[in-house]
Peer 1: 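My questions will all concern the structure given below.
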Amino acid sequence: MVKDGGRNRYLTIFLLAASGAAIVSYVFHSVYQNLSASEEAVGYVDPATQIGIDLGYIVMAGGALVLASIAIWCAVAYVRLVLRGR
């Protein structure tokens with residue numbers, strides 16, 4: 001029973017982290033496209049807005065990478081538990 005609980009825990013963390021990484025990447029991509037389109041329409045972006053865009057890019061890309069890393073780690077742990085249980 002404890003092994004099943006561990007497997008369920010890793011599987012749940014994997015599913016949540018993987019979907020979170022996908023959502024963060026999708027939202028970031030949409031926001032970045034909208035900002036790029038408005039930059040093209042106006043022709044320029046003031047420096048403060050550009051810094052905000054760049055920092056947002058770093059934070060969202062970093063967050064997606066962290067969530068993806070957690071998902072991969074939990075997937076490996078889940079597979080190891082499943083293989084040990086056989």
Side-chain angles (χ1 to χ4, degrees):
M1 178 109 162
V2 173
K3 289 182 182 179
D4 288 342
R7 284 190 282 205
N8 290 338
R9 178 173 41 119
Y10 285 122
L11 184 60
T12 301
I13 293 170
F14 165 74
L15 293 173
L16 291 173
S19 61
I23 290 169
V24 167
S25 297
Y26 176 75
V27 168
F28 169 72
H29 183 68
S30 298
V31 168
Y32 193 75
Q33 276 186 330
N34 289 337
L35 290 173
S36 297
S38 62
E39 180 183 359
E40 283 183 22
V42 174
Y44 72 95
V45 174
D46 64 285
T49 304
Q50 187 62 48
I51 289 173
I53 292 169
D54 293 340
L55 289 176
Y57 179 80
I58 292 167
V59 169
M60 287 196 158
L65 285 173
V66 167
L67 288 171
S69 299
I70 291 170
I72 291 169
W73 178 74
C74 286
V76 169
Y78 176 78
V79 169
R80 287 177 64 198
L81 283 176
V82 168
L83 292 177
R84 269 193 220 154
R86 288 186 176 186

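Here, residue 1 is the first one in the sequence, and each next residue gets the next number.
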Peer 1: Does one hydrophobic cluster hold both M60 and L65, with members joined at side-chain heavy-atom distances below 4.5 Å?
Peer 2: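 Result: no, two separate clusters.
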Peer 1: Distance from T49 atom OG1 to D54 atom CG, nearest 0.5 Å?
Peer 2: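 The distance works out to 11.0 Å.
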Peer 1: How many angstroms lie between atom NE2 of H29 and atom CG of N34, to the nearest 0.5 angstrom?
Peer 2: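 Between atom NE2 of H29 and atom CG of N34 there are 10.0 Å.
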Peer 1: Count I, L, V, M, F, W, Y as connected when their side-chain heavy atoms are under 4.5 Å apart, and connections chain through other members. Are V66 and L16 then in the same cluster?
Peer 2: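 V66 and L16: separate clusters.
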Peer 1: Looking only at non-hydrogen atoms, find the nearest pair between A64 and A21 and report the distance.
Peer 2: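 Closest approach of A64 to A21, heavy atoms only: O-CB, 3.8 Å.
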Peer 1: Is it true that V82 and Y10 fall in one hydrophobic cluster, defined by side-chain heavy atoms closer than 4.5 Å?
Peer 2: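 Hydrophobic grouping puts V82 with Y10.
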Peer 1: Distance check, rounded to the nearest 0.5 Å: Y78 atom OH versus L83 atom CG?
Peer 2: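 If I round to the nearest 0.5 Å, the distance is 10.0 Å.
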Peer 1: With rounding to the nearest 0.5 Å, note down the distance linking CD1 in I51 to CG in D46.
Peer 2: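 CG of D46 is found 9.0 Å from CD1 of I51.
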Peer 1: Determine, using the 4.5 Å side-chain heavy-atom cutoff (strictly less than), whether W73 and L15 are members of one ILVMFWY cluster.
Peer 2: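 Yes.
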Peer 1: For the atom pair CG (L55) and CD (Q50), what is the distance rounded to the nearest 0.5 Å?
Peer 2: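 If I round to the nearest 0.5 Å, the distance is 10.0 Å.
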Peer 1: Flag yes if Y26 and I23 sit in one hydrophobic cluster, no otherwise; membership is Ile, Leu, Val, Met, Phe, Trp, Tyr, and two members link when side-chain heavy atoms are under 4.5 Å apart.
Peer 2: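 They do not share one cluster, since no chain of ILVMFWY contacts under 4.5 Å joins Y26 to I23.
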Peer 1: Using every non-hydrogen atom in the two residues, find where C74 and I13 come nearest and quote the distance to one decimal.
Peer 2: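 Heavy-atom minimum between the residues: SG-CG2, 3.1 Å.
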Peer 1: Could you grab the distance from atom CZ of F14 to atom CD1 of I72, nearest 0.5 Å is fine?
Peer 2: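 Going from CZ on F14 over to CD1 on I72, the span is 8.5 Å.
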